[in-house]
Number of protein chains: 4
Amino acid sequence: MKALVYHGPHKKSWEEKPIPVIQKPSDAIVRITKTTICGTDLHILKGDVPEVTDGRILGHEGVGIVESVGDSVNNFKKGDHVLISCITSCGKCYYCKQGMYSHCEDGGWILGHLVDGTQAEFVRIPHADTSLYHIPKESDEDALVMLSDILPTGYECGVLNGKISPGSSVAIVGAGPIGLAALLTAQFFAPGTIIMIDPDDNRLGVARKFGATDTVNNKKEDPVKSTLAITENRGVDTAIEAVGIPETFELCESIVGPGGTIANIGVHGKSVELHLETLWSKNITITTRLVDTVTTPLLLKSVQSKKLDSKKLITHHFELSDIMNAYDVFGNAAKEKALKVILKA
Amino acid sequence: MKALVYHGPHKKSWEEKPIPVIQKPSDAIVRITKTTICGTDLHILKGDVPEVTDGRILGHEGVGIVESVGDSVNNFKKGDHVLISCITSCGKCYYCKQGMYSHCEDGGWILGHLVDGTQAEFVRIPHADTSLYHIPKESDEDALVMLSDILPTGYECGVLNGKISPGSSVAIVGAGPIGLAALLTAQFFAPGTIIMIDPDDNRLGVARKFGATDTVNNKKEDPVKSTLAITENRGVDTAIEAVGIPETFELCESIVGPGGTIANIGVHGKSVELHLETLWSKNITITTRLVDTVTTPLLLKSVQSKKLDSKKLITHHFELSDIMNAYDVFGNAAKEKALKVILKA
Amino acid sequence: MKALVYHGPHKKSWEEKPIPVIQKPSDAIVRITKTTICGTDLHILKGDVPEVTDGRILGHEGVGIVESVGDSVNNFKKGDHVLISCITSCGKCYYCKQGMYSHCEDGGWILGHLVDGTQAEFVRIPHADTSLYHIPKESDEDALVMLSDILPTGYECGVLNGKISPGSSVAIVGAGPIGLAALLTAQFFAPGTIIMIDPDDNRLGVARKFGATDTVNNKKEDPVKSTLAITENRGVDTAIEAVGIPETFELCESIVGPGGTIANIGVHGKSVELHLETLWSKNITITTRLVDTVTTPLLLKSVQSKKLDSKKLITHHFELSDIMNAYDVFGNAAKEKALKVILKA
Amino acid sequence: MKALVYHGPHKKSWEEKPIPVIQKPSDAIVRITKTTICGTDLHILKGDVPEVTDGRILGHEGVGIVESVGDSVNNFKKGDHVLISCITSCGKCYYCKQGMYSHCEDGGWILGHLVDGTQAEFVRIPHADTSLYHIPKESDEDALVMLSDILPTGYECGVLNGKISPGSSVAIVGAGPIGLAALLTAQFFAPGTIIMIDPDDNRLGVARKFGATDTVNNKKEDPVKSTLAITENRGVDTAIEAVGIPETFELCESIVGPGGTIANIGVHGKSVELHLETLWSKNITITTRLVDTVTTPLLLKSVQSKKLDSKKLITHHFELSDIMNAYDVFGNAAKEKALKVILKA
C-alpha cells in the first residue's frame with residue numbers, strides 16, 4: 001500500500017509500505033477512505049517530537065471501512081463504516097476507567113506517533129472496540145474526519161474545561177483551526193459573549209462568520225483594554241489559550257476575571273510566567289488537557305442533529321495520493337487561507 | 001390607583017386601591033409599566049390557593065420604574081428601570097445564602113399571594129436590593145416581562161434540574177407556556193433531540209417552530225412507544241413534566257431511560273404513583289423545584305445577546321385597564337390560541 | 001466441585017456440579033476462598049426473582065485465586081488474588097463508557113442470577129479484566145468480601161447519590177446490613193448529624209457504635225417528629241431509604257428538608273405514593289440506583305488506609321461446606337443478631 | 001478603648017483610640033472577647049501591604065458580643081454572641097450573589113486592612129447581617145476564633161478547590177498554621193494518603209499528630225522522589241501550596257499526577273514558572289482563591305458535632321493587653337513552636 005512516511009526532520013515521502021496485519025486479538029485493520037493533516041504533524045516534521053522515529057507512517061485522524069478484526073473485538077466487524085479516534089484507549093486501565101483515555105496505560109496518542117498512522121491506505125487500530133466509533137448511515141465523511149481530533153480537542157480542552165455556561169463571557173486567543181473548533185463547540189452552551197483574539201484579519205472574519213460576537217486584532221489594538229471594555233471591566237469568565245506560546249498564555253492571565261477559568265489547549269514548548277502575585281487572590285482556575293475523546297459520541301450526535309456543522313473547518317480537498325501537495329498548502333496556512341484539508345483515498 | 005383585586009373564589013375586580021408606601025427600609029415602590037397573567041393566577045381564582053385572602057391584589061410578574069426606595073436600599077434609586085422577580089429574597093437567611101431564594105425565610109413567592117402584587121399601577125417590593133434587577137438600556141419591556149417568572153421557571157426547574165447537555169435527548173410533557181419556556185431554554189445546551197408531547201396539534205406546531213425536533217400527540221398515538229422509537233429504545237435522558245397531573249408524571253416515569261432525570265415543573269394538587277418496583281434499579285433522578293430566580297441575571301444577558309427570544313411566548317396585548325378581558329382570553333387559552341399576554345399600564 | 005444450587009422457590013441444595021471452564025477469551029476461572037450470602041439470595045429463594053432458574057448456582061460476592069484466564073485477559077493471570085465484583089462490566093458498551101456498569105449491555109448483575117455464581121468452589125467470571133480487582137498484599141479477605149456488593153451499594157446508592165457533605169444532616173431508614181454499610185461510608189464526608197431510624201433496638205445500638213449521632217426507634221416514637229426536632233425543624237439534607245417498602249419510602253418523603261435528597265437503596269416490590277402535592281415546591285431530589293461498583297478501587301484504598309473498617313459488618317463465620325446452616329442463621333437475622341456471614345472455602 | 005495600631009512599616013503600638021460607632025444602617029458594633037494574630041498581620045507590619053495606612057487598627061479575626069446594631073440589621077441584636085468573619089460581604093452584589101464574598105463590591109477583606117480591625121476592645125462590622133455568625137450556646141470561644149479566617153481558608157482554598165475525595169492522595173506543602181488547617185479539614189473527605197512536606201521536623205511531628213499519613217522533610221530528602229514513591233509513581237491527586245514562594249509552587253507542579261489539582265493557598269509576592277512544556281498534556285487543574293468564608297456555617301456545625309477540633313491549632317494564650325508580647329512570640333513561630341495564639345479581652 002501507499003503511505004506518508006516520516007524519515008527524520010524535514011523529510012517525508014509518499015511511498016510503498018506493507019499492508020498492516022492483526023497483531024493482537026483486540027486489533028482491527030481499517031481501510032482509510034478519508035483522512036487529514038494536523039498541526040501536530042507539522043511539529044513532528046520539524047523534529048519537535050523525538051519519539052517519532054524514521055519510517056513511521058504519520059496521521060492520527062480519519063474515517064474508513066473495517067477490513068478485519070481480531071478475535072476479541074465484539075463491537076465491530078468487516079465492512080463496518082467507522083470513525084478513528086486520535087486517542088487509543090484500552091478501556092481497562094486506571095486512567096481509562098476514569099475516562100482519561102489520553103493517559104491510557106496501553107494507548108493514548110500513539111497513532112502516527114508510536115505506531116503507524118492513518119495517512120495511508122490501511123491502518124492497524126489497537127483496542128478497536130474502544131478506539132473506533134460506528135458512523136451513522138448517510139453521514140458525511142468529511143464532516144466526521146473533523147471528529148477524530150480537532151473538534152473533541154476544542155470541546156474538551158477548551159469548552160468543557162473552560163466551564164462555558166449560558167450567558168457567560170468567553171475569549172478565545174488564537175483563531176487557527178483549534179481556536180475555531182473551540183468557537184464552534186462553545187456555542188453548545190449559549191455564552192453571551194465570545195471574543196476572538198488573533199493578529200490575522202482574515203481569520204477574525206472567519207471567526208465572526210462562525211459565531212464570535214466580538215473580534216480583537218491584537219496586532220492593532222491592546223487586547224487587554226479591548227476585552228475589559230467588552231466585559232464591563234470584569235474580565236472574561238473563560239479564556240481559552242489556543243496558540244501555545246508564553247505571550248498568549250500571559251494574555252489569558254490578564255483578561256480572565258475574578259472567578260474565571262483559563263483553559264489551555266495550546267501545545268507549549270517552554271514554560272510560561274504565572275503571575276501569582278496578582279492571581280493568588282482572584283479565585284481563578286487554570287486547566288490543561290490532552291484530548292481524551294470521551295465526547296466523541298455526543299459530537300457524533302451533534303453532527304447528526306445538525307447542532308454542529310463541522311465541515312465549516314474544511315477549506316481544501318485533495319486525493320490522498322496528492323498528500324505531498326496537501327502538506328505544502330497546510331504548511332502555508334495563512335497565505336493559503338487554509339484551515340483543515342481533506343484527503344480522499 | 002387601579003388594581004386587580006381578588007375577592008374569594010371566582011371573584012375579582014378592577015378597582016381603586018391606595019398607592020402602596022414604603023413600610024421597611026429595604027422596600028421599594030415601583031410604578032408598573034408592563035405586567036402579565038400567570039396560570040397560577042387562574043389557580044388562585046379557582047380557590048386552589050387558600051392563603052390568598054379577600055382584598056389581595058394579584059400578580060407577581062412585571063417591569064416598571066422605581067418611584068421611591070427605603071433607607072437601606074443601595075442598588076436602586078428613583079427613576080431606575082427594573083424587572084420584578086416573582087420571588088422575593090432577603091439575601092441573608094439560611095436558604096438565600098444557598099441560592100434557594102424560593103424558600104427565603106422572609107420572602108419566597110409572596111407577591112400577589114401573601115402581599116399585594118403587580119397587576120396594579122404601583123407595587124411595593126420588599127427586599128428590593130435582592131428582588132429587583134436593572135434593565136439594560138434599550139431593552140424590550142415585553143421580552144423582559146417573560147423573565148419575571150415563566151422563563152426562570154422553565155429554565156431552573158426543567159432545564160437545569162433536568163441536567164440537559166449537548167447531544168442528549170429530552171422529552172417535554174406539556175406544550176403550555178411553561179413547557180414552551182423549557183423548550184426555548186433547553187436549547188442553551190444543544191441537546192440532540194427534543195420531543196414535545198401534548199394532545200393539542202396547534203401547540204405541537206408552535207413547539208416545532210420553537211425548536212422541538214419531534215412532536216408526539218398523546219391523544220392520537222402511544223407516547224411511550226413513540227418516544228422509545230425516537231431514542232433507539234433507550235428512553236430519554238431528561239423528561240420534563242410541565243402539566244401537574246398524575247398521568248403526565250407517570251408518563252415521564254415510563255419514558256425516562258437508565259441514568260436519566262425526571263424534572264418536575266408542574267404544580268401538583270395530588271400525589272402520584274411512583275413505580276419503584278421498576279425504577280429502583282434504573283439509576284434515575286427525580287427533581288422538584290419552586291423557581292428560585294437565581295438565573296435571572298444570565299437570562300437577562302441571554303435576551304440582550306439574542307440567544308433567547310423570549311417574546312415568542314407572547315400572543316396577546318392589552319391595556320392594563322382592560323385586564324378583565326385579558327383574564328377571559330388567558331382563561332380560554334386553547335380556544336384563543338393564547339400563550340402569554342402583555343398588559344401595558 | 002460443590003456448590004449451593006437453587007431448585008425453585010424454597011428449594012436449594014449443597015451438591016456436586018462440574019467445575020466451570022473458560023467459554024470466551026475474556027473469561028477467568030476463580031477458585032473461591034471466601035464468599036457470603038446477600039439479602040437478595042433470600043429474595044431469590046422466596047421466588048421473587050423469576051429470572052433465576054432451576055439449577056443455578058447462587059452468590060455474587062467473594063474473593064479468590066485466579067485459576068485460569070482467556071486469551072484476551074490482560075490484567076490478571078493464574079495465581080492472582082482477586083476481589084469479585086457483584087456487577088459484571090464489559091467496559092466497552094454505551095453504559096459502561098459512562099460508568100454505569102449496572103446496565104452493561106453484556107453484563108450487569110448476572111452472577112448467581114443469569115449465570116452461575118460464587119457460592120461454590122469455583123466460578124467463571126465473564127469480562128474478567130473489568131470485573132475483578134487485584135487484592136493488595138496482606139489484605140484481610142474477610143474485610144474485602146464486604147466490597148463485592150454491600151459496601152459499594154451503601155456508598156454509591158446511598159451516600160454518593162445522597163450528596164452527603166461535611167456538616168450536613170443525614171437520616172438512614174433501616175439499620176440492616178445495607179443501612180449500616182451506608183452509615184459506615186457516610187462518614188467519609190463528615191456529616192454533622194446521622195440519624196438511624198429502625199424498629200429494632202439491638203440494631204440501633206449497633207448503629208450508635210458504628211457512628212450514628214442519633215437513633216430513633218420508629219416503633220416507639222414518631223420518627224417525623226423526632227427527626228424534625230433533631231434538625232431545627234428543617235428536615236434532613238439526605239434521607240437514605242434502606243428497606244424497600246412503601247412505608248419507609250414515604251417516611252423519607254416526610255423527613256427530607258427543602259433542597260434535600262432522598263437516596264433510595266431498597267429493592268422495591270411495589271409502587272409507592274409520591275406526595276407531589278407537597279413536594280413539588282420543596283426543591284428535592286430523589287434518586288434510584290443499582291450499584292455500579294465504580295467505587296470499588298477507592299473502597300479498596302479506604303480499607304487499606306484504615307479509613308473504612310468493613311469487617312465490622314461481619315457477625316458470623318462458617319465453612320463453605322456448612323452453607324446450609326449459614327443460610328438458616330442469615331435468614332433469621334433479627335433473632336440471630338446477624339449482619340453479614342463469612343463462608344470460608 | 002485600647003487597640004493595636006499600625007504606624008508604618010515595623011511600627012505598631014497598643015494605644016488609646018475612640019470606640020467605634022454605627023456609620024451605616026447595616027453596621028454592628030461588637031465588643032471583642034477573643035481575637036488572634038494572622039500571618040498577614042506580620043506581612044502588613046513588614047510594609048508588604050501598602051493599602052494599610054498609618055493609624056489603622058489591625059486584626060480581622062475574633063469573637064465577641066454585639067453592642068449595638070444599625071437600623072437595617074435584622075439577624076443580630078445587642079447581646080448576641082457572634083463570630084466575626086475575616087471577609088465582609090454585602091450579600092447583594094454581583095460577586096456575593098455567586099458566593100464569592102472575597103470579591104464583594106462593598107466588602108471583601110477590609111477589616112484591619114481598609115477599615116479598623118479586631119485587635120481592639122471594640123470593632124465596627126459593616127454589613128453585619130451577612131458578615132457575622134451566631135455562636136451556638138456553650139461553644140468554646142477559642143475554638144471559634146479559628147473559624148474567622150484560618151480554617152475556612154485552609155478548607156476553601158486548599159481542600160475544596162483541591163477536590164479532595166475519599167481514597168484520594170493529597171500532598172500539603174508547608175506545615176505552618178494554614179497548611180495544618182488544610183490538613184485538619186482535608187480529613188472531612190477521608191483521603192487515603194495525606195503527605196505533609198516541610199523542612200521543620202517539629203512541625204512534621206505536629207502534622208503526624210493531626211492526621212498526616214506520611215511526612216517528608218524537604219531539607220533532608222528529595223520531596224519529588226519521596227512523593228512519587230508513596231503514590232505508586234503516579235503523583236498526588238491534590239497538591240496544596242501553603243507557603244507562597246516560587247520553590248514550593250514549583251514543587252507542587254512536580255508532584256501532581258495526571259488528572260490532579262494544585263490548589264494554591266499561599267500569598268505570593270512574585271510570579272512563578274509554570275512548566276506548561278510538560279504540564280500542557282497532563283490534564284491538571286490549578287486554582288487560586290482568596291477565602292470567601294462561605295463555609296463558615298458548616299465549619300461551625302463541624303466544631304459543634306466534634307468532627308473538627310479547631311483548638312488543636314492554638315499553642316499560646318495572652319491577655320489582649322499583652323498583645324505586643326504576643327506579636328513577638330507569633331513573629332518567632334519556629335523558635336517558639338507557635339501556631340496560633342489566643343488574645344483574651
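Quick caveat, the model's predicted, so the values are computed rather than measured. Residue numbers begin at 1 in each chain, while the letters A, B, ... track the order of the sequences.
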Q) At what distance, to the nearest 0.5 angstrom, does CG of D/L298 lie from OG of C/S168? A)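 Between D/L298 CG and C/S168 OG, I get 9.0 Å after rounding to 0.5 Å.
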(Q) To the closest 0.5 Å, what do you measure between NZ (C/K307) and OG1 (D/T193)? (A)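 Going from NZ on C/K307 over to OG1 on D/T193, the span is 9.0 Å.
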Q | Residues in residues 134-147 of chain D near chain C [non-hydrogen atoms, under 4.5 Å] | A |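 Not one residue of residues 134-147 of chain D has a heavy atom under 4.5 Å from chain C.
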Q: Could you walk me through whether D/F189 and C/F189 pass side-chain contact (heavy atoms from CB on, under 4.5 Å), step by step?
A: CA-CA 5 Å; D/F189 294 99; C/F189 295 99; 3.7 Å; yes
Q: Grab the two heavy atoms, one from D/S305 and one from C/G192, that are nearest each other, plus how far apart they are.
A: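 Looks like CB-O, 3.4 Å.
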Q | Heavy-atom pairs under 4.5 Å with chain D, option from C/G167, C/S165, C/P166, C/A190 with the top count | A |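 Counting heavy-atom pairs under 4.5 Å, the top option is C/P166.
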Q: Please flag which part of C/P191 lies under 4.5 Å from any non-hydrogen atom of chain D: side chain, backbone, both or neither.
A: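 Contact with chain D: backbone only.
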Q) Is the number of heavy atoms from other residues, nucleotides or ligands under 6.0 Å of C/K311 NZ greater than 12? A)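 Atom NZ in C/K311 is not packed in, count stays at 12 or less.
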